[in-house]
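Each remark here refers to the structure printed beneath this line.
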Amino acid sequence: MRHAPLLALALAMAAPAALAAQSLLVSPTTVLIDPRTRSAAIQLVNSSAQPIEADLELFYAVPETDSLDGFHLDPVAAPGPREPNAAAWVRLFPRKVTVAPRQTQTVRLLASPPADLADGEYWGRLAIASRLAPAAAGASDTTAVSTRIDLVVRSLVPLLYRKGRVAPAPALERLRVEGRPDSVVVRARLANGGPAVAFGTLRLLDGARVLATQTASVYRGTWVRLAAPRAGLAAGQRLRVEFAAGRADLDRAVPMPFAVVADSVAVPR
């Protein structure tokens with residue numbers, strides 16, 4: 001273990017770099033482009049005392065989850081013509097920035113959709129890879145460790161382009177409930193038959209009492225999980241599961257309205 005002190009020193013040096021890279025805040029957290037202006041802007045806010053360098057790129061991917069709570073966001077290398085791919089015709093200016101300490105940098109997104117683009121909602125993902133700017137990263141080098149460790153923090157921001165009248169059409173499917181000694185766990189799949197993402201809030205209710213909540217962004221389908229304490233719940237009692245439009249963490253213009261979808265499950269023995 002002769003290298004242990006050297007490794008510990010390297011990790012200690014890397015920690016400030018990680019903290020600085022994580023200090024790049026992105027606003028808004030979901031970008032919505034209006035066809036009338038065909039543009040939007042995001043703000044990169046450096047809350048640290050060191051300059052941060054960021055590389056930005058757009059790609060197309062549809063997020064998915066599985067019944068085991070696994071999350072997948074795999075870029076589609078060659079989206080087909082039927083895919084609602086906005087990343088193909090949205091441009092970023094600039095694509096590489098250095099944000100000074102305690103400063104804000106604006107990045108603009110400009111959309112140039114095809115002239116014959118059909119009504120619908122089109123998607124993309126904005127990836128922001130941030131790291132300490134080279135001068136700042138090199139300032140902490142010492143003769144004890146000659147190899148610099150570059151730590152990159154990657155942020156992903158959803159991009160939406162809406163044209164015409166579009167609406168989500170979510171549905172609750174495959175509800176199942178699991179009884180544990182101290183809790184009740186409800187799992188379900190939220191499907192979406194509409195052309196727009198269903199941004200909403202899932203709730204587990206005992207009458208008017210809210211037992212658990214979870215936000216969800218349903219592109220084509222996603223699995224969700226709600227867990228509530230078992231105390232005060234009787235075996236056979238019906239609990240309501242509902243998914244309603246709206247998210248407290250998003251700008252009001254982002255979620256599209258849809259009718260509440262609901263079902264119920266019985267508390268197991």
Side-chain angles (χ1 to χ4, degrees), residues 22 25-32 61-74 84 120-121 123 125 155-160 162 165-269:
Q22 291 171 356
L25 309 178
V26 184
S27 178
T29 55
T30 297
V31 177
L32 175 63
V62 179
E64 297 179 357
T65 58
D66 57 39
S67 58
L68 299 177
D69 302 325
F71 178 81
H72 310 280
L73 183 64
D74 299 321
E121 186 177 84
W123 309 329
R125 291 274 159 168
S155 304
L156 295 176
V157 177
L159 163 69
L160 307 173
R162 289 189 185 133
R165 297 178 62 86
V166 295
L172 270 170
E173 302 176 344
R174 307 183 205 175
L175 262 72
R176 61 177 188 263
V177 60
E178 176 187 350
R180 299 179 180 179
D182 60 347
S183 62
V184 173
V185 178
V186 177
R187 296 180 187 271
R189 186 177 186 275
L190 279 170
N192 185 10
V197 181
F199 292 102
T201 302
L202 195 72
R203 300 195 300 171
L204 181 63
L205 301 166
D206 172 19
R209 183 165 65 108
V210 179
L211 302 177
T213 63
Q214 178 187 326
T215 58
S217 304
V218 189
Y219 284 70
R220 290 173 178 153
T222 187
W223 284 88
V224 291
R225 176 182 181 275
L226 292 167
R230 193 179 184 110
L233 300 178
Q237 180 180 347
R238 304 296 298 184
L239 301 179
R240 177 180 169 88
V241 181
E242 68 175 32
F243 183 57
R247 293 259 300 266
D249 59 328
L250 296 177
D251 185 273
R252 292 179 60 185
V254 173
M256 298 291 289
F258 58 81
V260 175
V261 292
D263 205 338
S264 65
V265 294
V267 175
R269 295 185 179 277

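Values in this document were obtained by computation on a predicted structure and should not be read as measured data.
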Looking only at non-hydrogen atoms, find the nearest pair between [X] and [Y] and report the distance.
X	Y	result
S264	L175	O-CD2, 4.3 Å
A188	L172	CB-CD2, 4.0 Å
P28	V157	O-CG1, 4.0 Å
V177	P268	CG2-CD, 3.8 Å

Would you indicate whether the side-chain heavy atoms of [Y] and [X] approach each other to under 4.5 Å?
X	Y	result
L159	W123	no
F243	V224	no
L239	L233	yes

- Message: I'd like to know if the side chain of N192 reaches the main chain of G221, judged simply by a donor and an acceptor atom lying under 3.5 Å from each other, with no hydrogens or angles considered.
- Response: no
- Message: If the condition is side-chain hydrogen bond (donor to acceptor under 3.5 Å, both in side chains), which residues does S155 pass it with, not counting sequence neighbours?
- Response: none
- Who passes side-chain hydrogen bond (donor to acceptor under 3.5 Å, both in side chains) against R125, sequence neighbours left out? Y219
- CZ on R225 to CZ on R187, rounded to 0.5 Å: 5.0 Å
- Item | Qualifying ring pair (Phe, Tyr, Trp, His ring centres under 6.0 Å) pairs, either residue in residues 165-184, two or more places apart | none
Result block: side-chain N/O donor-acceptor pairs under 3.5 angstrom for residues 196-213, not counting sequence neighbours:
| from | atom 1 | to | atom 2 | distance (Å) |
| --- | --- | --- | --- | --- |
| T201 | OG1 | G246 | O | 2.9 |
| R203 | NE | E242 | OE2 | 3.2 |
| R203 | NH2 | E242 | OE2 | 2.7 |
| D206 | OD1 | Q237 | NE2 | 2.8 |
| D206 | OD2 | R209 | NH2 | 2.9 |
| D206 | OD2 | Q237 | NE2 | 3.4 |

- Item | Residues in salt bridge (charged side-chain N to carboxylate O under 4.0 Å, His left out) contact with R220, at least two apart in sequence or another chain | E83
- What pairs with S183 under side chain to side chain contact (heavy atoms under 4.5 Å, CB included), at least two apart in sequence or on another chain? R180, V185
- Message: Suppose the criterion is salt bridge (Lys or Arg N to Asp or Glu O under 4.0 Å): which pairs have a residue in residues 188-199, not counting sequence neighbours?
- Response: E173-R189
Enumerate, atom names and distances included, each donor-acceptor pair closer than 3.5 Å involving a side-chain atom of residues 248-263, sequence neighbours excluded.
| from | atom 1 | to | atom 2 | distance (Å) |
| --- | --- | --- | --- | --- |
| D249 | OD1 | R247 | NE | 2.9 |
| D249 | OD2 | R247 | NH2 | 2.9 |
| D251 | OD1 | A253 | N | 2.9 |

